[in-house]
Amino acid sequence: LKGWDGAAPQLAAQASASARPAHPGGALAMAEFSRGPMQKNNKGNGVMISKSESDRRKGDEMRMRKAGIDPSKGEDMAWGGAVVSRRQHKRTVREKEEEKDIQEAEALQMDPNQVVAKKPDARLKWLQRALMIASKGARIEIGSVYDIVTQVRFVSGVSHGVGSQMRALLLANLHLFSSKQQRALKSDTSRFSTFGAGGKDSDGSSQDDRSPSPGRRRGGG
(Lines give C-alpha, C1' and ligand atoms only; values in the text may rest on other atoms or scores of the structure.)
Protein backbone atom coordinates (compact mmCIF):
# COMPACT_ATOMS: atom_id res chain seq x y z
CA LEU A 1 0.00 0.00 0.00
CA LYS A 2 2.95 2.33 0.55
CA GLY A 3 3.86 2.14 -3.14
CA TRP A 4 0.24 2.55 -4.30
CA ASP A 5 -0.05 6.20 -3.31
CA GLY A 6 2.85 7.19 -5.56
CA ALA A 7 1.83 5.03 -8.50
CA ALA A 8 -1.80 6.15 -8.65
CA PRO A 9 -1.22 9.50 -10.48
CA GLN A 10 1.11 7.87 -13.01
CA LEU A 11 -1.40 5.10 -13.79
CA ALA A 12 -4.19 7.66 -14.21
CA ALA A 13 -2.09 9.66 -16.69
CA GLN A 14 -1.30 6.56 -18.71
CA ALA A 15 -4.96 5.55 -18.84
CA SER A 16 -5.94 9.02 -20.03
CA ALA A 17 -3.30 8.96 -22.77
CA SER A 18 -4.39 5.53 -24.01
CA ALA A 19 -8.05 6.58 -24.12
CA ARG A 20 -7.31 9.69 -26.31
CA PRO A 21 -7.86 8.87 -30.01
CA ALA A 22 -4.77 8.93 -32.15
CA HIS A 23 -4.70 11.59 -34.86
CA PRO A 24 -2.21 11.85 -37.74
CA GLY A 25 0.12 14.77 -37.31
CA GLY A 26 -0.17 14.89 -33.53
CA ALA A 27 -1.20 17.95 -31.57
CA LEU A 28 -0.47 20.40 -34.41
CA ALA A 29 -2.84 18.63 -36.76
CA MET A 30 -5.52 18.61 -34.11
CA ALA A 31 -5.13 22.34 -33.65
CA GLU A 32 -5.36 22.98 -37.40
CA PHE A 33 -8.41 20.74 -37.62
CA SER A 34 -10.14 22.74 -34.88
CA ARG A 35 -9.63 25.93 -36.91
CA GLY A 36 -11.23 24.46 -40.06
CA PRO A 37 -14.23 25.82 -42.01
CA MET A 38 -16.70 24.79 -39.29
CA GLN A 39 -16.95 27.13 -36.29
CA LYS A 40 -19.15 27.34 -33.25
CA ASN A 41 -22.14 29.65 -33.33
CA ASN A 42 -21.23 32.96 -31.74
CA LYS A 43 -24.39 32.71 -29.65
CA GLY A 44 -22.76 29.94 -27.63
CA ASN A 45 -25.38 27.30 -28.28
CA GLY A 46 -22.80 24.79 -29.51
CA VAL A 47 -24.18 24.60 -33.08
CA MET A 48 -21.49 24.33 -35.76
CA ILE A 49 -21.80 26.80 -38.68
CA SER A 50 -19.73 27.30 -41.82
CA LYS A 51 -17.17 30.07 -42.17
CA SER A 52 -19.19 31.83 -44.88
CA GLU A 53 -22.27 31.84 -42.64
CA SER A 54 -20.17 33.23 -39.81
CA ASP A 55 -18.83 35.99 -42.06
CA ARG A 56 -22.34 36.83 -43.22
CA ARG A 57 -23.58 37.12 -39.65
CA LYS A 58 -20.67 39.36 -38.75
CA GLY A 59 -21.51 41.59 -41.70
CA ASP A 60 -25.14 41.76 -40.62
CA GLU A 61 -24.11 42.70 -37.10
CA MET A 62 -21.89 45.49 -38.43
CA ARG A 63 -24.72 46.89 -40.54
CA MET A 64 -27.10 46.65 -37.59
CA ARG A 65 -24.71 48.62 -35.40
CA LYS A 66 -24.35 51.27 -38.10
CA ALA A 67 -28.15 51.49 -38.24
CA GLY A 68 -28.27 51.99 -34.46
CA ILE A 69 -29.50 48.47 -33.66
CA ASP A 70 -27.86 46.43 -30.94
CA PRO A 71 -27.59 42.84 -32.23
CA SER A 72 -26.94 41.47 -28.73
CA LYS A 73 -30.37 42.41 -27.34
CA GLY A 74 -32.24 39.45 -28.72
CA GLU A 75 -31.74 36.36 -30.80
CA ASP A 76 -35.14 36.66 -32.44
CA MET A 77 -34.62 40.21 -33.62
CA ALA A 78 -35.27 40.30 -37.37
CA TRP A 79 -32.80 42.15 -39.52
CA GLY A 80 -34.11 43.08 -42.94
CA GLY A 81 -30.82 44.33 -44.30
CA ALA A 82 -30.56 47.24 -46.73
CA VAL A 83 -32.63 47.88 -49.86
CA VAL A 84 -30.26 47.77 -52.81
CA SER A 85 -32.70 48.68 -55.59
CA ARG A 86 -36.40 48.90 -56.39
CA ARG A 87 -38.03 47.31 -59.40
CA GLN A 88 -39.04 49.96 -61.89
CA HIS A 89 -42.19 49.47 -63.95
CA LYS A 90 -41.16 49.10 -67.57
CA ARG A 91 -43.72 50.68 -69.86
CA THR A 92 -44.92 48.63 -72.79
CA VAL A 93 -44.95 49.87 -76.38
CA ARG A 94 -48.73 50.26 -76.20
CA GLU A 95 -48.52 52.40 -73.07
CA LYS A 96 -45.93 54.64 -74.72
CA GLU A 97 -48.12 55.05 -77.81
CA GLU A 98 -51.17 55.89 -75.69
CA GLU A 99 -49.20 58.50 -73.78
CA LYS A 100 -48.00 60.01 -77.07
CA ASP A 101 -51.58 60.15 -78.39
CA ILE A 102 -52.74 61.93 -75.24
CA GLN A 103 -49.95 64.49 -75.56
CA GLU A 104 -50.80 65.12 -79.23
CA ALA A 105 -54.49 65.53 -78.41
CA GLU A 106 -53.72 68.00 -75.63
CA ALA A 107 -51.40 69.99 -77.92
CA LEU A 108 -53.95 70.21 -80.77
CA GLN A 109 -55.56 73.63 -81.09
CA MET A 110 -59.34 73.31 -80.79
CA ASP A 111 -60.31 76.97 -80.52
CA PRO A 112 -62.34 77.74 -83.68
CA ASN A 113 -61.13 81.33 -83.88
CA GLN A 114 -57.50 80.21 -83.62
CA VAL A 115 -57.92 77.49 -86.25
CA VAL A 116 -59.67 79.57 -88.91
CA ALA A 117 -57.08 82.33 -88.41
CA LYS A 118 -54.37 80.00 -89.72
CA LYS A 119 -53.16 80.10 -93.31
CA PRO A 120 -54.87 77.66 -95.73
CA ASP A 121 -51.89 75.26 -95.71
CA ALA A 122 -51.81 75.32 -91.90
CA ARG A 123 -55.55 74.60 -91.79
CA LEU A 124 -54.97 71.56 -94.01
CA LYS A 125 -52.26 70.28 -91.66
CA TRP A 126 -54.55 70.89 -88.69
CA LEU A 127 -57.31 68.84 -90.34
CA GLN A 128 -54.88 65.99 -91.01
CA ARG A 129 -53.75 65.89 -87.37
CA ALA A 130 -57.29 66.21 -86.01
CA LEU A 131 -58.59 63.30 -88.09
CA MET A 132 -55.54 61.16 -87.29
CA ILE A 133 -55.94 61.70 -83.52
CA ALA A 134 -59.69 61.11 -83.71
CA SER A 135 -59.13 57.83 -85.56
CA LYS A 136 -57.03 56.50 -82.63
CA GLY A 137 -59.75 56.90 -80.04
CA ALA A 138 -61.87 59.38 -78.14
CA ARG A 139 -58.99 61.82 -77.54
CA ILE A 140 -60.85 64.75 -79.12
CA GLU A 141 -64.51 65.41 -79.80
CA ILE A 142 -65.22 64.71 -83.46
CA GLY A 143 -68.24 66.99 -83.17
CA SER A 144 -65.92 69.90 -82.41
CA VAL A 145 -63.89 69.08 -85.53
CA TYR A 146 -67.08 69.07 -87.60
CA ASP A 147 -68.16 72.44 -86.22
CA ILE A 148 -64.82 73.99 -87.17
CA VAL A 149 -64.53 72.61 -90.73
CA THR A 150 -68.09 73.61 -91.62
CA GLN A 151 -67.49 77.27 -90.83
CA VAL A 152 -67.31 79.63 -93.77
CA ARG A 153 -63.97 81.02 -92.64
CA PHE A 154 -62.36 77.55 -92.64
CA VAL A 155 -62.44 77.43 -96.46
CA SER A 156 -62.02 81.17 -96.96
CA GLY A 157 -59.10 81.92 -99.27
CA VAL A 158 -58.40 78.22 -99.85
CA SER A 159 -57.13 77.30 -103.30
CA HIS A 160 -58.62 74.47 -105.30
CA GLY A 161 -55.60 72.26 -104.64
CA VAL A 162 -55.72 72.69 -100.86
CA GLY A 163 -59.50 72.50 -100.80
CA SER A 164 -59.55 69.26 -102.81
CA GLN A 165 -57.12 67.73 -100.29
CA MET A 166 -59.39 68.80 -97.43
CA ARG A 167 -62.38 67.28 -99.19
CA ALA A 168 -60.51 64.01 -99.83
CA LEU A 169 -59.50 63.78 -96.17
CA LEU A 170 -63.05 64.27 -94.95
CA LEU A 171 -64.52 61.75 -97.39
CA ALA A 172 -61.86 59.17 -96.46
CA ASN A 173 -62.70 59.57 -92.76
CA LEU A 174 -66.48 59.85 -92.94
CA HIS A 175 -66.80 56.86 -90.60
CA LEU A 176 -65.57 59.05 -87.73
CA PHE A 177 -68.60 61.32 -88.00
CA SER A 178 -72.23 60.67 -87.19
CA SER A 179 -74.70 59.67 -89.91
CA LYS A 180 -76.17 63.16 -90.04
CA GLN A 181 -72.74 64.75 -90.32
CA GLN A 182 -71.74 62.31 -93.07
CA ARG A 183 -74.77 63.26 -95.16
CA ALA A 184 -73.99 66.94 -94.72
CA LEU A 185 -70.35 66.54 -95.76
CA LYS A 186 -71.27 64.50 -98.87
CA SER A 187 -74.14 66.72 -99.99
CA ASP A 188 -73.91 69.17 -102.88
CA THR A 189 -74.56 72.00 -100.46
CA SER A 190 -71.38 71.24 -98.54
CA ARG A 191 -68.75 73.94 -98.70
CA PHE A 192 -66.25 71.29 -99.84
CA SER A 193 -68.35 70.24 -102.84
CA THR A 194 -66.95 73.20 -104.76
CA PHE A 195 -63.53 71.58 -104.61
CA GLY A 196 -64.58 68.57 -106.65
CA ALA A 197 -63.43 67.89 -110.18
CA GLY A 198 -63.83 71.06 -112.24
CA GLY A 199 -64.90 72.97 -109.13
CA LYS A 200 -64.03 76.50 -108.16
CA ASP A 201 -61.83 78.01 -105.49
CA SER A 202 -63.35 79.71 -102.50
CA ASP A 203 -62.90 83.12 -104.22
CA GLY A 204 -65.20 82.01 -107.03
CA SER A 205 -62.58 81.49 -109.75
CA SER A 206 -62.32 78.09 -111.42
CA GLN A 207 -59.19 76.02 -111.50
CA ASP A 208 -58.97 76.44 -115.28
CA ASP A 209 -59.18 80.23 -114.96
CA ARG A 210 -56.21 80.23 -112.58
CA SER A 211 -54.05 78.12 -114.92
CA PRO A 212 -52.19 79.97 -117.66
CA SER A 213 -52.98 78.98 -121.25
CA PRO A 214 -50.33 77.34 -123.42
CA GLY A 215 -49.97 80.53 -125.42
CA ARG A 216 -49.33 82.57 -122.31
CA ARG A 217 -46.73 80.10 -121.06
CA ARG A 218 -44.85 80.66 -124.30
CA GLY A 219 -45.31 84.40 -123.98
CA GLY A 220 -47.57 84.48 -127.06
CA GLY A 221 -50.94 86.30 -127.44
Side-chain angles (χ1 to χ4, degrees), residues 82-221:
V83 178
V84 178
S85 63
R86 293 184 181 274
R87 183 182 297 274
Q88 299 292 335
H89 172 66
K90 187 176 182 180
R91 295 184 302 170
T92 62
V93 176
R94 182 176 180 180
E95 290 176 342
K96 292 180 180 179
E97 291 178 352
E98 289 179 352
E99 183 177 355
K100 182 180 178 181
D101 294 341
I102 293 174
Q103 293 176 352
E104 290 180 350
E106 292 176 349
L108 183 67
Q109 179 62 255
M110 292 300 294
D111 184 357
N113 294 327
Q114 295 291 333
V115 175
V116 298
K118 297 178 181 291
K119 294 182 179 181
D121 290 342
R123 280 177 247 165
L124 174 61
K125 292 180 180 179
W126 176 88
L127 180 59
Q128 289 175 332
R129 289 185 60 194
L131 293 176
M132 179 188 67
I133 295 173
S135 66
K136 294 181 179 180
R139 301 299 182 188
I140 59 176
E141 292 291 337
I142 194 64
S144 300
V145 177
Y146 176 82
D147 293 339
I148 293 174
V149 300
T150 53
Q151 289 191 20
V152 177
R153 291 184 296 169
F154 187 80
V155 295
S156 176
V158 174
S159 65
H160 186 274
V162 173
S164 62
Q165 292 183 63
M166 290 179 174
R167 180 174 180 269
L169 282 171
L170 291 170
L171 295 179
N173 292 276
L174 279 177
H175 61 281
L176 299 176
F177 299 91
S178 65
S179 300
K180 183 178 180 180
Q181 293 169 347
Q182 291 179 22
R183 290 192 296 270
L185 291 172
K186 291 188 297 183
S187 67
D188 294 336
T189 59
S190 171
R191 304 188 191 281
F192 296 95
S193 62
T194 59
F195 299 112
K200 296 183 178 182
D201 292 342
S202 60
D203 57 3
S205 60
S206 65
Q207 186 181 15
D208 295 336
D209 294 339
R210 297 173 68 91
S211 301
S213 63
R216 290 177 181 173
R217 286 198 299 269
R218 292 191 302 268

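Note: hydrogens, waters and symmetry copies are ignored here, and every other heavy atom, side chains too, is used. Quantities reported herein were computed from a predicted structural model and do not represent experimental measurements.
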Smallest separation among heavy atoms of Leu176 and Leu131, with atom names = CD1-O, 3.7 Å
Out of curiosity, Gln181 CD to Asp147 CG, how far, rounded to the nearest 0.5 Å?
-> 7.5 Å
Taking C-beta and beyond as the side chain, do Met166 and Val162 meet within less than 4.5 Å on heavy atoms?
-> yes
CD1 of Ile148 to CG of Asn113, rounded to nearest 0.5 Å, is 9.5 Å
Which heavy atom in Ser144 sits nearest to a heavy atom in Met110, and how many Å separate them?
-> CB-CE, 3.6 Å
Heavy-atom pair of closest approach, residues Arg123 and Val115 = CG-O, 3.5 Å
Nearest non-hydrogen partners of Leu127 and Phe154, listed with the distance | CB-CZ, 4.4 Å
Which value, rounded to the nearest 0.5 Å, describes the distance between Thr150 atom OG1 and Arg191 atom CZ?
-> 7.0 Å
What is the distance from atom NZ of Lys100 to atom CD1 of Ile133, rounded to the nearest 0.5 Å?
-> 10.5 Å
Asp188 atom CG, neighbour heavy-atom count above 12 within 6.0 Å = no
Heavy-atom donor-acceptor pair, Ser164 side chain to His160 backbone, under 3.5 Å | yes
First locate atom CG of Leu108, then atom CD1 of Ile140, and finally report the distance between them rounded to the nearest 0.5 Å.
-> 5.5 Å
Kindly give the heavy-atom pair with the smallest separation between Phe195 and Val158, and that separation in Å.
-> CE2-O, 3.9 Å
Determine, stepwise, if the pair Glu97 / Lys136 fulfils side-chain contact (heavy atoms from CB on, under 4.5 Å).
-> CA-CA 10 Å; Glu97 291 178 352; Lys136 294 181 179 180; over 6 Å; no
What heavy-atom pair brings Lys96 and Arg91 nearest, and what distance separates the two atoms?
-> CE-O, 3.9 Å
Validation row: Leu170, Tyr146 side chains within 4.5 angstrom (heavy atoms) = no
Does Gln182 reach the main-chain N or O of Phe177 with its side chain, forming a donor-acceptor pair under 3.5 Å?
-> yes
Tell me, do Lys118 and Lys125 make a side-chain contact under 4.5 Å, heavy atoms counted?
-> no
